[in-house]
Amino acid sequence: MEPVLAVVIGGLYAAGMYLMVRRSIVKMIFGLALLGNAANLLIFTVGRLTRGRPPHIPLDSALPSLPVADPVPQALILTAIVIGFGVQAFALVLIKRVYQTVGSDDQDVMLTENQEQEQQGHRLRDTGQERQGEEA
Amino acid sequence: MNNLLFLPLLIPLATAIAGLLAWNRRKLQRLLGVCSSAALLIVGLMLLATVQQQGVISAQAGNWPAPFGITLVADLLSSLLIVATGLMGLCVTVYSLADTDTRQESLGYHPLLQVLLLGICGSFLTGDLFNLYVWFEVMLIASFVLLALGGQREQMEGAIKYVALNLIASALLLAGIGLLYGVTGTLNMAHLAIRLQSMPHTGTIPVIAALLFCAFSIKAAVFPFYFWLPASYHTPPIAVITIFSALLSKVGIYVLIRVFTLIFPQETLAGQPLILAAAGLTMLLGALGAVAQPELRRMLAFCVVSQIGYLLMGLGLFTALALSGSIFFMLHIMAAKSALFLTTGVVARLTGSSSLAELGGLYRRYPLLAALFLVPALSVAGIPPLSGFWGKLALVQAGLQSGQYLMVAVALGVSVLTLYYLTNAWIHIYWKPAPEAAAKLQYLPPHRRHQLLAPTLLLALFSLVLGLLPEPLFRLCHSAAEQVLNPSSYITAVLGTLP
């Protein structure tokens with residue numbers, strides 16, 4: 001079972017990374033979700049896969065009969081899924097708001113930084129020249 | 001039981017809940033916010049006093065014995081940082097009484113700030129790696145909303161970058177934690193330290209260390225991962241950036257120090273050149289970025305990155321003196337950098353601009369404001385007798401003792417650059433004659449002015465006093481560093497006995 005899961009995890013990471021480098025923010029969020037799922041499956045797999053041995057303690061004993069499946073990784077995954085759910089819900093609302101304000105889901109269109117900086121650079125240079133003129 | 005350990009978590013949590021219940025009563029929310037931050041500061045000081053008397057203290061949630069339940073631990077380092085969190089929380093809450101507009105307040109600004117403080121305190125106090133991940137997410141979700149609150153176009157752009165990068169960091173952290181559990185079978189940090197001592201450090205363990213290092217470095221904005229910080233820190237309201245720059249990136253550095261001294265000391269020593277290179281490049285590129293910025297908030301955002309390098313340098317050198325320098329520097333930079341951000345906010349409120357070209361001549365009208373920028377600026381640059389000098393002195397001394405001359409040269413060179421761009425900004429804002437196109441100054445009513453200036457003044461004075469009287473705090477930082485480097489007291493406090 002481990003080799004199959006290893007391939008699945010690798011595939012999920014690859015797909016997540018690929019989606020994240022796309023320009024569309026919707027695909028970016030999908031990529032993030034895939035990365036989270038890959039991490040969850042990774043925890044599941046490295047926490048040892050034990051088949052059909054639930055960690056139950058029989059009534060007449062104080063210890064479970066070993067080997068049993070480790071419940072901790074599953075508890076961790078459950079927590080991570082719930083957190084991931086909240087974060088992804090927020091991210092979806094955020095990209096909806098972004099789409100409303102920007103009118104596009106392309107990250108390049110969103111970029112106002114370069115234009116702004118150029119304008120400010122010009123302004124700074126202009127005032128510098130003016131002052132030199134005054135001094136002269 | 002050390003129930004005191006739960007108070008830094010319960011106070012912001014209860015306040016956030018009460019604030020959410022009082023959704024439409026903004027005055028009550030404001031009052032709750034200020035009271036809660038003040039209470040956090042007091043509890044932090046009590047915690048620090050207790051830790052100084054009794055050594056490291058720990059508490060087990062639900063009385064589950066140590067490696068099985070969730071452990072809260074406070075040593076000198078974490079209690080110092082709790083005090084700093086309370087102080088910064090109080091300053092920023094008071095400042096935002098005047099700075100935050102009603103729209104942001106009606107969208108739950110004050111409860112969210114408390115959730116952020118909750119996540120930060122949780123990260124400082126937890127003794128369990130997975131619990132740390134949970135606190136990180138609490139902190140992140142609050143910071144996401146604070147960053148996007150108000151919904152300006154440029155805020156959205158910053159928020160997208162911040163969210164994406166931080167979620168990648170969380171995925172890396174989660175993968176690292178999962179792998180570590182697979183290898184060691186435990187998540188309690190003290191227990192991990194013991195288990196990893198008796199294991200050969202080959203194969204997956206260095207890989208896990210690298211994964212965690214990358215995850216925390218993204219959060220702390222360390223060299224190859226710092227670009228999200230200047231891209232998103234110039235957009236939100238100034239009070240929000242102040243608390244982000246003062247606390248969020250420092251949480252990343254705190255966790256790096258904690259994890260790489262307690263759990264992976266061998267990997268830290270093996271990776272020393274790498275950590276030092278990352279520290280040096282963070283300093284240098286941050287400073288070069290700041291020099292090139294014509295806009296004050298962007299410049300300060302790059303300055304935040306640059307100073308992170310100094311904090312990492314202490315971990316890279318890995319001696320008691322270097323780490324105490326880092327811790328001292330961390331406390332200094334929180335106060336000094338926040339004072340810079342807060343005065344920038346006041347200037348932006350007065351003039352409606354934070355572009356260096358559009359500002360000027362403020363010294364004549366507001367000499368106090370000019371002093372409130374100049375003192376922290378010189379302190380950040382490391383001019384004696386201000387607080388930044390002592391932190392840098394300790395780091396440079398430690399670097400010379402370890403023979404890392406290149407690192408020392410970079411640290412000193414970056415100080416010169418810092419001095420250049422901060423004094424240059426000061427000259428532009430306060431000293432040069434006001435440009436003719438400058439807008440008329442806004443009038444600030446007195447009560448609002450006091451709310452804006454009191455926290456700024458407090459932080460600038462803190463930086464000044466820390467510079468004139470560094471001895472008591474530096475001694476405290478030194479014992480904190482020694483505690484961090486000899487984790488036996490931490491492990492005994494958590495697990496009871498040292499096996």
Side-chain angles (χ1 to χ4, degrees), chain A residues 9 13 16-17 20 25 28-29 31-48 70 72-73 75-77 79-80 82-84 86-88 90-91 93-95 97-102 107 110-113 116-117 119-128 130-131, chain B residues 68 130-131 133-134 136-138 140-141 144-145 147-148 151-164 166-168 170-183 185-187 204 208 230-231 234-235 292-295 298 355-358 360 428 432-433 435-437:
Chain A
I9 294 166
Y13 268 118
M17 286 294 170
M20 287 219 60
I25 44 177
M28 192 185 76
I29 299 296
L32 284 172
L34 285 187
L35 283 188
N37 288 347
N40 287 343
L41 269 183
L42 181 72
I43 298 178
F44 186 58
T45 315
V46 295
R48 312 276 185 284
D70 187 350
V72 176
L76 301 184
I77 294 168
T79 318
V82 174
I83 292 174
V87 172
Q88 281 157 25
F90 172 79
V93 176
L94 181 70
I95 61 169
R97 285 302 304 273
V98 169
Y99 186 75
Q100 279 173 347
T101 43
V102 180
Q107 296 190 50
M110 228 181 292
L111 219 64
T112 50
E113 205 172 35
E116 253 176 52
Q117 268 175 355
Q119 283 169 1
Q120 274 165 350
H122 282 305
R123 254 180 278 162
L124 201 65
R125 243 171 288 144
D126 291 346
T127 47
E130 274 167 27
R131 229 184 318 151
Chain B
F68 305 111
F130 193 78
N131 195 228
Y133 163 76
V134 176
F136 263 27
E137 297 300 303
V138 170
L140 275 185
I141 197 88
F144 289 168
V145 186
L147 201 64
Q152 306 283 321
R153 183 192 156 110
E154 52 166 14
Q155 247 178 314
M156 289 292 146
E157 185 196 330
I160 281 280
K161 290 173 188 161
Y162 180 84
V163 168
N166 274 293
L167 289 184
I168 295 176
S170 295
L172 285 179
L173 176 59
L174 196 58
I177 290 173
L179 286 170
L180 197 57
Y181 181 79
V183 174
T186 181
L187 287 169
T204 40
I208 297 168
H234 64 281
T235 53
Q293 293 302 322
E295 211 255 0
R298 283 174 202 261
S355 149
L356 292 183
E358 288 169 6
H428 268 286
K432 86 170 179 216
E436 280 171 17

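What's counted below: heavy atoms across the whole structure, side chains too, no hydrogens, waters or symmetry copies. Values in this document were obtained by computation on a predicted structure and should not be read as measured data. Order of the sequence lines fixes the chain letters, A, B, ..., with proteins taken first and strands second; residue numbering starts at 1 for each chain.
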Is it the side chain or the backbone of [X] that comes within 4.5 Å of chain A heavy atoms, both, or neither?
{"X": "B:Ala159", "answer": "both"}
{"X": "B:Leu173", "answer": "neither"}
{"X": "B:Val145", "answer": "both"}
{"X": "B:Ile168", "answer": "both"}

remark   = Ranking A:Ile25, A:Thr101, A:Ile95, A:Leu94 by heavy-atom pairs under 4.5 Å to chain B gives rank one to A:Leu94
note = Highest number of heavy-atom pairs under 4.5 Å with chain B among A:Leu32, A:Leu35, A:Leu76 belongs to A:Leu76
ask   = Given the rule in the side-chain contact (heavy atoms from CB on, under 4.5 Å) test, do B:Tyr181 and A:Ile43 qualify, once you have shown the distances and angles that lead to the verdict?
value = CA-CA 8 Å; B:Tyr181 181 79; A:Ile43 298 178; 5.9 Å; no
inquiry  = If you define the side chain from C-beta out and look only at heavy atoms, does anything of A:Thr79 sit under 4.5 Å from B:Tyr133?
reply    = no
remark   = Cut-off 4.5 Å, heavy atoms of chain B, and the answer for A:Tyr99 is neither
task = State whether the number of non-hydrogen atoms from other residues, nucleotides or ligands found under 6.0 Å of A:Phe44 atom CZ is greater than 12.
result = no
task = Quick one: pull up CD1 in B:Ile160 and CZ in A:Arg97 and give me the separation to the nearest 0.5 Å.
result = 12.0 Å
ask   = Shortest non-hydrogen contact from B:Ala175 to A:Ala39?
value = N-CB, 4.2 Å
message = Go through it in stages, so that I can follow the logic: the residues are B:Leu180 and A:Val46, the test is side-chain contact (heavy atoms from CB on, under 4.5 Å), and I'd like the CA-CA distance, side-chain angles, deciding distance and then a yes or no.
response = CA-CA 9 Å; B:Leu180 197 57; A:Val46 295; over 6 Å; no
inquiry  = At a heavy-atom distance under 4.5 Å, which candidate from B:Thr204, B:Ile177, B:Leu174, B:Val138 has the highest pair count against chain A?
reply    = B:Leu174
